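Treat the numbers as computed from the prediction; the structure is a model and nothing was measured. Every number for a ligand or one of its atoms is a count from 1 in the order of the listing.
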Amino acid sequence: MRFDVITLFPASFDALSVSKIWQTAQATGKLELHTHQLRDFSTNKHNTVDEPPYGGGPGMLISVEPLVLALESIPRQKRSKVLMLSPQGKAFTQDRAQMWTQSLDQLILVCGRYEGVDERFIEGWVDECISIGDYVLSGGELAAMVVMETLSRLIPGVIGDPTSVTTDSIQSGGLKYPQYTRPSEYRGQKVPEVLLSGDHQKIEKWRQKQAHFRTLQNRPDLLKEPDILPPQLRGQEE
Ligand code: ADE
């Protein structure tokens, strides 16, 4: 998977390299990251890329021309998609991440700034606008990193133990069960007895129940989607 990011802040993406998983994935050629400084595609002598909006209103918009030039400078793979990170976009989900890792070789992520970008860029050059949640960030950089980190974990061979990906919360259809490690008692708090029993069937049943209960409490919305309910819990959601 090749990631290309168009941004005014390429240095933000150094943050990804603190992760050992990301470093190894790059070193072994499982993923590539190329950042592109939008300012390099400015068409004026002041190197600016923003203009006030027609019709008035607060802030500045990123102009269409530098965005198009930056995009056109990127070599395109066969199976490639252009994403715009924006709070106006469709919700980013684990299902979307899964679909893209399976169907794409290249993801081009465009990070907005200021109050937004000229809509003609979105209409003419962007395949999908994506939001990572119902809150407003100052720009798309953190959102692009969230998308790339999520996808990288799904690329075969990036995570050492593939079962750790399939048992992740959300990926497995709901939230994850609570987990404990040594010591078996800490300041009066005991690890649930069943986990010390060695009875794997009982442990599995307990975990499924706990995961379902936690999902019901914290994210009941996840249970309303029949597709993401784990098979063993389908039909029991009422
Ligand atoms: N840019 C600013 N806020 C955002 C969000 N919530 N998701 C994606 N991109 C954004």
Side-chain angles (χ1 to χ4, degrees), residues 1-19 22 31 33-42 48-55 57-71 74 80-101 103-104 106-155 168-171 175 218-219 221-222 225 228:
M1 173 75 76
R2 173 182 164 130
F3 296 115
D4 288 272
V5 185
I6 299 174
T7 171
L8 284 165
F9 301 96
S12 319
F13 295 88
D14 293 348
L16 286 166
S17 318
V18 300
S19 147
W22 186 270
L31 64 85
L33 170 61
H34 301 267
T35 55
H36 307 271
Q37 170 54 269
L38 182 60
R39 209 170 288 292
D40 294 346
F41 299 90
S42 165
T48 60
V49 293
D50 56 331
E51 295 280 351
Y54 279 122
M60 303 284 271
L61 302 183
I62 300 184
S63 333
V64 59
E65 172 95 320
L67 287 165
V68 171
L69 295 179
L71 190 56
I74 297 173
S80 161
K81 197 184 236 326
V82 180
L83 296 188
M84 173 90 208
L85 283 316
S86 156
Q88 269 67 249
K90 295 179 191 153
F92 180 57
T93 59
Q94 190 75 21
D95 281 352
R96 275 217 161 78
Q98 189 114 45
M99 208 164 63
W100 292 337
T101 27
S103 61
L104 300 175
Q106 181 182 34
L107 204 55
I108 302 175
L109 300 117
V110 185
C111 303
R113 275 269 145 184
Y114 308 116
E115 299 299 320
V117 310
D118 188 314
E119 192 67 22
R120 288 169 294 186
F121 177 68
I122 294 169
E123 277 168 19
W125 285 270
V126 171
D127 297 312
E128 269 181 89
C129 282
I130 291 295
S131 163
I132 62 159
D134 294 337
Y135 39 78
V136 181
L137 305 165
S138 303
E141 283 75 13
L142 280 170
M145 282 189 261
V146 167
V147 170
M148 290 191 286
E149 157 108 19
T150 308
L151 262 67
S152 72
R153 298 173 52 77
L154 298 173
I155 298 170
D168 274 346
S169 52
I170 308 294
Q171 179 85 17
L175 304 185
N218 296 350
R219 293 293 308 278
D221 55 305
L222 292 177
E225 295 266 356
I228 59 170

Can an N or O of S138 be found at a distance shorter than 3.5 Å from an N or O of ligand 1?
no
A student checking ligand 1 against G139 at a 4.0 Å heavy-atom cut-off should list atoms 1 (N), 2 (C)
We want to know whether S63 and E51 form a side-chain donor-acceptor pair, criterion being a heavy-atom distance below 3.5 angstrom.
no
Smallest heavy-atom separation, M1 atom then W100 atom, equals CE-O, 3.8 Å
Taking the non-hydrogen atoms of I130, is any one of them nearer than 4.0 angstrom to ligand 1?
-> yes
Out of D134, L137, L142, V147, the nearest non-hydrogen contact to atom 3 (N) of ligand 1 is supplied by L137
Ranked by distance from atom 9 (N) of ligand 1, the top protein heavy atom is S86 N, 3.1 Å
Sub-4.0 Å heavy-atom contact, P87 with ligand 1 | yes
Open item on the list: Using a 3.5 Å cut-off on N or O atoms only, is I132 in polar contact with ligand 1?
Closed with: yes
Atom 6 (N) of ligand 1 has as its nearest protein heavy atom Y135 O, 2.8 Å
Answer yes if the side chains of Q106 and S80 hold a donor-acceptor pair under 3.5 Å, and no otherwise. yes
**Prompt:** Is there a nitrogen or oxygen of G133 sitting under 3.5 Å from a nitrogen or oxygen of ligand 1?
**Reply:** yes
